[in-house]
Amino acid sequence: MELAKKLPWALPVFLLFCFAIDYGVEASHKLYTSLQSLSAVNVNQIHRTGFHFQSEKNWINGPMYYNGFYHLFYQYNPNGAVWGNIVWAHSISKDLINWKKLEPAIFPSKKFDKYGCWSGSATVLPGNKPIILYTGVVDENMTEVQNYAVPADYSDPYLRKWIKPDNNPLIVADLSVNSTAFRDPTTAWLGRDGNWKILVGSRRKHRGIAYLYTSRDFKIWVKTKHPLHSSAKTGNWECPDFFPVSLHGTNGLDASVMEENNIKHVLKVSLDRTRYDYYTLGTYYPEKDRYIPDKNMVDGLRGLRYDHGNFYASKSFFDPIKKRRILWAWSNESDTVGEDVEKGWAGIQADVEVTFSFHFLDKAEKYDSSWDEYDAQKLCSQKGSTVQGGVGPFGILTLASEDLKEYTPVFFRIFKAKFKHVVLMCSDASSSSLSEGLYKPSFAGFVDVDLTDKKLSLRTLIDHSVVESFGGGGKTCITSRVYPTLAMYENAHLHAFNNGTETIIIEKLDAWSINSPRIN
Ligand SMILES: *[C@@H]1O[C@H](CO)[C@@H](O)[C@H](O)[C@H]1NC(C)=O
Ligand SMILES: *[C@@H]1O[C@H](CO)[C@@H](O)[C@H](O)[C@H]1NC(C)=O
Ligand SMILES: *[C@@H]1O[C@H](CO)[C@@H](O)[C@H](O)[C@H]1NC(C)=O
Ligand SMILES: *[C@@H]1O[C@H](CO)[C@@H](O)[C@H](O)[C@H]1NC(C)=O
């Protein structure tokens, strides 16, 4: 409870927080016949997260709130022994922190989902009736259709049993649609015309597409003449998410809110090509069922990101109790460490918040005008925490071993561009572990923040193998997965550092330790 309250906003315009969810096995929308017949490998216990939700194995789905409980559905391969047995596992929580695991909600059993029950979303229909839309895989060629499931008993607050009615599938790809890239139906919203609407992610050649389907009764669905939106050279769009955000308040909004003068819409897509989530803010024209990103938005691979690190296939939902929109995402394991490091990680879960300040920016290094968002990661790998600068690099060293053989620095570096200062934020895993062969990227993003008051804040949640950071009050988020071998137990240290020539003052430093909640 406390933890949820403390998490900051991730985007300036709407209430949202970055929760990472962790998976034991690489998640992707591909059918690996060979893998399907293998047992999923157990997540190494030492890398198990404490307060970030983690399923025992495999990957994830759509969340919702119903009658006192938050429901989280996630993709799970219970034994890996049977071809195409990806199910929708199901956990519930009263506070989004402690979770109780239930029986799987949906599993392959019918012609319309024989080869897998893939991602989708929940919608709560009028009369407080939840319904799930999900992608079913119908053959070995990965032909995808959209199905639905409803609770067997609405009076069960846990919603343990779900029924997949015989009139499935609801939507099959017509000839204009690539049926092997046709998945992840969104939460439905209700138009003023009385029609329900959903998006389904797809591609045509290299163009990413969000197809729009409408329905009066949630049974018969018709594809609109034009997709809601599409963008050239972005490849397959997965897990689209489309929702309104308030222009004047900080509360989240239900997907069906349509007050043109008070809202903007966010369209988020997960690009299979880069394995990152991108979004634009723009205007939704309900009569035409078109979405037009705002002029200054970059629509594609150089676009805005929720998180610049290990973060993919996010899904949001509106929490009607606290009037907030909550975002979930995957943060995949990239560990290949064997059992030789089977130690405990107790006692290194922390939440650290630091406010840095400085008197002058004159020493800021020059910003090259040819750099853009895309270059942030390159800059961070070139100018790591050890490369001396003017204003910065300064920040914190997380999960640092005594001898500093292992450490994961999260830091800023301030540059001077022609008319303004540019803040680079890095979460650098390159020295995070002595283990060889791990994925240790130096993730990075620019922080769009006003430096007039000469202050910059950083908040970092350290949860075993997750280092999740919020720069400038959450304007830029970076999630890293790291697997130290030394920086464990009492040998996991936290330091603040400054490797620039300008003096940096720590105005405020708060650190909390976090208790382990019950997760499944
Ligand atoms: C899958 O694709 C192959 C090659 O195009 C085709 O021969 C086969 O009939 C397809 N299988 C199904 C179940 O459609
Ligand atoms: C259809 O989608 C699949 C999977 O993304 C892709 O391999 C194939 O090239 C696509 N076909 C066309 C015509 O775009
Ligand atoms: C997961 O980890 C691998 C490295 O092992 C990385 O290359 C990949 O892009 C990551 N992200 C996703 C969303 O799959
Ligand atoms: C700061 O720079 C020095 C010299 O390059 C280096 O030895 C030290 O490790 C750096 N500090 C951090 C935190 O990277």
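Whatever order the structure lists them in is the order used to number ligands and atoms, beginning at 1.
- Here NZ of Lys197 is found 6.5 Å from OG1 of Thr214. Values are rounded to the nearest 0.5 Å.
- Each of the following atoms of ligand 2 lies closer than 4.0 Å to a heavy atom of Ala181: 2 (O), 5 (O).
- Within ligand 2, counting atoms from 1 as listed, the ones closer than 4.0 Å to a heavy atom of Lys205 are 14 (O).
- With a heavy-atom cut-off of 4.0 Å, Val387 does not touch ligand 4 at all.
- In Ile505, the CD1 atom is crowded: over 12 heavy atoms of neighbouring residues, nucleotides or ligands sit closer than 6.0 Å.
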Apply the test side-chain hydrogen bond (donor to acceptor under 3.5 Å, both in side chains) to residues Thr479 and Asp307: give CA-CA distance (whole Å), side-chain angles for both, the deciding distance (0.1 Å), then the verdict. CA-CA 7 Å; Thr479 301; Asp307 186 295; 2.7 Å; yes

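- Annotation: ligand 1 has protein neighbours Asp139, Asn141, each with a heavy atom less than 4.0 angstrom from the ligand.
- Using a 4.5 Å heavy-atom threshold, the side chains of Lys164 and Ser109 count as touching.
- Remark: distances from the non-hydrogen atoms of Gln388 to ligand 4 include one below 4.0 Å.
- Near Asn499, the atoms of ligand 4 lying under 4.0 angstrom from a non-hydrogen atom of the residue are 1 (C), 2 (O), 3 (C), 8 (C), 10 (C), 11 (N), 12 (C), 14 (O).
- Pairs of residues two or more places apart, or lying in two chains, that qualify as side-chain hydrogen bond (donor to acceptor under 3.5 Å, both in side chains) and include a residue from residues 385-395 are Gln388-Asn499.
- For ligand 4, the atoms lying closer than 4.0 Å to a non-hydrogen atom of Phe497 are 13 (C).
- Taking the side chain to side chain contact (heavy atoms under 4.5 Å, CB included) definition, one finds that Thr280 meets it with Leu267, Tyr291, Pro293, Met297, Asp299, sequence neighbours left out.
- The ligand atoms of ligand 2 that sit less than 4.0 angstrom from a heavy atom of Asn178 are 1 (C), 2 (O), 3 (C), 8 (C), 10 (C), 11 (N), 12 (C), 14 (O).
- Applying the side chain to side chain donor-acceptor pair (under 3.5 Å) rule to Trp189 yields the partners Tyr284; only residues at least two apart in sequence or on another chain are considered.
- You'll find the ring centres of Trp371 and Phe415 inside the 6.0 Å limit.
- Less than 4.0 angstrom separates some heavy atom of Arg203 from each of these atoms of ligand 2: 2 (O), 5 (O), 6 (C), 9 (O).
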